[in-house]
2 protein chains.
Amino acid sequence: MAQGLDAIDRRILGELQADASQSLDTIAEKVGSSKTPVWNRIRKMREAGVIGPQTVIVDAEKLGFDACFFVLVRTSEHEADWQAAFLRALKARPEVMEAHRLAGEIDYILKVRVKNARAYDAFYQALISEVKIFNVTALLSMEEIKFTTALPL
Amino acid sequence: MAQGLDAIDRRILGELQADASQSLDTIAEKVGSSKTPVWNRIRKMREAGVIGPQTVIVDAEKLGFDACFFVLVRTSEHEADWQAAFLRALKARPEVMEAHRLAGEIDYILKVRVKNARAYDAFYQALISEVKIFNVTALLSMEEIKFTTALPL
DNA sequence: GTCGGTTTTGGAACATTGTTCCGATTCTGG
DNA sequence: CCAGAATCGGAACAATGTTCCAAAACCGAC
C-alpha cells in the first residue's frame, strides 16, 4: 500500500495543484469518480507526505518586495559543523525563499526576496558575519517571467 | 481604497500563507476579529490581486522528480522578437518551474525540475533547437535545503 | 473459471464551514 | 461635536467537508 499512485491519484494532484479551493464534488466529477473515493485518496496522499502544505500565493511586488536575488555561494569550509551553522542561518532567515546545495564549482544557490537593494545588503552583511564564506555572487532579477509550484504530472 | 493593507490584513495573509486550509473562524480568532470582516478582507485582497492562486505543495521526490537544475543562460540576441519567442518557449514547458530575466552578465536564470539527468538533457536539446542561445551553464542541485512560498510580513 | 477475502466505491446522513444579510458600532472629515 | 461612510459582529442560510455502511469491483488461490 506504500505509495503507488495511479492515474486518478495523479489527476487529483493536478487539480489540487491548479486550484486547491475546488470542492471535492468538482474534483470528483473532473476525474470521473465521486466524493468519498476522492477524499480517501487525498487523505492517503497527505499521510504519505505526497501532498504537503496548502498555501496561498501572494503577489510579492504588491506587498513591496520589489527585489529578488539569486545568490551563488562558494565556501572554503566543508566541515560538518560549518555546514550545520550555515543551514541553521539560512532556515532562520525569512528572506531566504529557497536554498539548494549544489554539485560543482558553486556550493550553494539561494533565492532571496527583499524590499529593496538596501535590505539585500543588510541580509548579506548579516549572513557573512554569521558564517565564513569564500565567495558570493548576487544575480539581480529584473523580471519574474514565470513562477509555478505545479509539477508536471 | 486601492490597496492599503493594515496590520490585520497582514496577519491574515500570514495565516493563509502558513496554512490555507484553516477555517475562517480559526483565522478570525487568531487575528482577534470575527468571521465576516476576515472574509471581506480576504475577498478584497483577492480582487486586488494580492492573494493569488491557492495551491497544494506536493513532494517532488515522492513523485519521482529527483533532479533539479538551475540554468544560467546567456544570449547574443537581445531583440524583441527573439525575447518573445524565448518567453513563449519557457512558459510552454512545464519542467520550467521558475524563470527570471536578470541584470548583468547572465541574461536569464531558470529553475527546472525533471525526473532525471536524461530528462534534463531532453529539455535542453529541445530548448536550444527552438531558440538560439549563446551560452548555458547548468547547476545541479544535490539537496533542497529550504523551500517556502511564504513572504516575510 | 470460481470462490473467499480484501479493497474500493458511491450514496445517504451528519457536522463543519463558507457566504450573505443587516442592525449596531466605530471611524473620519469638517 | 456631528453627519456620513465604512467596518464590524452575530444570526440565518447554503454549500462543503467528513463519516458511515452496504454494494460492487478486484485479487489471489485453488
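Values below: all heavy atoms of this structure, side chains included; hydrogens, waters and symmetry mates excluded. Letters go in sequence order (proteins before strands), and every chain restarts at 1.
As a whole-Å value, the separation of B/I27 CD1 from C/dT17 P is 12 Å.
The side chain of B/S23 has C/dG18 as its nearest neighbour among D/dT7, D/dC8, C/dG18. Of the candidate nucleotides C/dT20, D/dT18, C/dG11, C/dT20 has the atom lying nearest to any side-chain atom of B/W39. The listed nucleotides are C/dT9, D/dG9, C/dG18; the one nearest the side chain of B/L24 is C/dG18. Distances were taken from every side-chain heavy atom of A/R41 (C-beta onward) to each of D/dT7, D/dG17, C/dT9; the shortest belongs to C/dT9. Considering only side-chain atoms of B/K44, the nucleotide from D/dT7, C/dG10, C/dT20 that sits closest is D/dT7. In this structure, of C/dG10, C/dT19, D/dG9, it is D/dG9 that holds the atom nearest to the side chain of B/S33.
Mapping B/I8 and A/K35 onto DNA chain D by nearest heavy atom places B/I8 at the nucleotide closer to the 5' end. Between A/T36 and B/D25, the residue whose closest nucleotide on DNA chain C is further toward the 5' end is A/T36.
Closest of all the heavy-atom pairs between B/K30 and B/R11 is O-NH2, 2.7 Å.
In this structure, A/W82 and A/Y108 have tilted ring planes: the angle between them lies in the 30° to 60° band.
In this structure, CZ in B/R101 is found 14.5 Å from CD1 in B/I109, a value given to the nearest 0.5 Å.
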